[in-house]
Amino acid sequence: MGRIYLSLSQQSGFEIEYIEKALQSNWITSGGPNVNDFEVELQNYFGEDSFVAALNSGTSAIHLSLILLGVKQGDEVICQSLTFSASANPISYQGATPIFVDSEPETWNICPENLEIAIKDRIKKGNKPKAIIAVHLYGMPYKIDEIHAIADRYGIPIIEDSAEALGSCYKGKHCGTFGEFGILSFNGNKIITTSSGGALISNSKEVKEKAIFYATQSKDDAIHYQHSEIGYNYRMSNICAGIGLGQIKTLQEKIDSRRNNHLFYRELFSTIEEVELFEAKNEDYFSNYWLNTILLKSSKVKNDLLQAFEKADIETRPIWKPMHRQPIFESYPYYGNKISEKLFENGLCLPSGTNLTNEDKKRIEKVINTFFN
Ligand SMILES: *Cc1c(COP(=O)(O)O)cnc(C)c1O
């Protein structure tokens with residue numbers, strides 16, 4: 001009986017064929033045929049008006065979207081506080097100031113009321129935010145209609161951090177296609193992996209090409225190396241894209257498998273009154289359930305349960321610690337009512353990988369039933 005992990009990568013078996021193709025053709029560099037093919041696969045998945053640039057991480061995709069929006073030193077960018085630090089770090093790469101906004105309790109994502117309060121207050125202080133980074137945390141779509149209505153009213157573009165939400169939809173439309181930009185991550189623990197990788201989704205071919213220009217050192221159109229803009233080394237490698245091509249073949253199975261895990265947890269917790277399983281509030285929200293999360297009655301119960309799982313060699317993890325409470329970010333403005341703090345204090349992520357076996361589920365069930373008896 002081995003350790004049960006939160007979320008591990010799982011091979012489809014098709015990866016090796018594309019990696020071998022890259023090796024045999026000696027395309028062992030950034031960019032190349034696998035990268036182009038992977039972009040086409042993603043564009044087909046997201047639909048007609050989607051143009052996808054494959055990059056070396058989700059973090060670099062967020063960074064490039066800020067650059068493409070012209071975010072500079074002295075600018076302010078609003079960011080959902082309850083997220084992984086990679087959502088917020090690129091704001092600092094640009095020398096801009098992050099403005100953190102709390103979550104609301106229904107989707108755990110950026111709160112419409114506090115978003116509007118933040119925008120109004122920043123405008124009053126003389127610095128209208130240049131962008132909003134909203135996150136589909138744990139695969140759950142944020143309140144798209146409300147958030148985008150507010151952003152539109154003030155003319156502020158949204159960067160949709162869809163790193164955890166490949167396959168999630170809102171009212172039948174893919175997460176990642178609502179904002180000015182959508183970003184994906186193909187890190188090892190995400191829905192599909194390229195070992196490390198990410199993508200930037202936009203609705204214009206020109207924007208995609210500009211993103212690739214920046215991602216490949218901003219080389220001007222000249223015979224010698226000439227640069228009129230600062231460049232980055234952010235393109236996806238041709239080997240990594242080969243892994244992605246193998247992975248995307250089983251994307252639907254992976255989403256189904258994550259959603260099946262969710263049904264397992266729903267059944268398990270249906271009779272346990274002390275546990276609130278995080279779920280979509282209505283049919284508009286279609287979550288891939290990248291990770292299943294629960295809320296306990298107190299932080300003590302959460303810590304005790306984490307320890308009980310640990311004793312059984314099962315990995316669980318607290319909810320993301322809000323950015324406005326992180327040592328590197330705590331001096332920046334925050335607008336909210338401490339909802340994200342509460343989720344952090346009382347919440348726990350449970351094993352949710354696509355390779356969770358029935359035997360694993362029995363072990364998880366046993367810990368839960370013993371703990372709450
Ligand atoms: C994983 C993740 C990222 C960053 O993606 P990388 O590919 O690891 O750089 C950004 N935002 C969120 C919410 C994530 O979970």
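If you read the sequence from its start, that first residue is 1, and numbering goes on from there. Values reported hereafter were calculated over all heavy atoms of this structure, with side chains retained and with hydrogens, waters and symmetry mates removed. Indexing begins at 1, ligand by ligand and atom by atom, following the structure's order.
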- Item | For Y285, all residues meeting ring pair (Phe, Tyr, Trp, His ring centres under 6.0 Å), sequence neighbours excluded | Y170
- Query: With F309, which residues qualify under ring pair (Phe, Tyr, Trp, His ring centres under 6.0 Å), at least two apart?
  - Reply: none
- May I ask you to establish whether K302 and F344 are in a cation-pi arrangement, using a distance under 6.0 Å from NZ or CZ to the six-membered ring centre and at most 45° from the ring axis? yes
- For ligand 1, what is the set of protein residues having any non-hydrogen atom at a distance below 4.0 Å? S57, G58, T59, T83, F84, A86, S87, V135, D161, A163, E164, S185, N187, K190, G197
- Is it possible for you to check whether K173 lies under 6.0 Å from the centre of the six-membered ring of F178, through NZ or CZ, and within 45° of that ring's axis? yes
- Check against ring pair (Phe, Tyr, Trp, His ring centres under 6.0 Å), H324 and Y334: CA-CA 6 Å; H324 72 277; Y334 159 76; 3.5 Å; yes
Name the atoms and distances for all side-chain donor-acceptor pairs under 3.5 Å in residues 65-78, with sequence neighbours left out.
unit_1 : atom_1 : unit_2 : atom_2 : d
S65    : OG     : A61    : O      : 3.0
S65    : OG     : I62    : O      : 2.8
D75    : OD2    : K72    : N      : 2.7
D75    : OD2    : K130   : NZ     : 3.1
E76    : OE1    : R122   : NE     : 2.8
E76    : OE2    : R122   : NH2    : 2.9

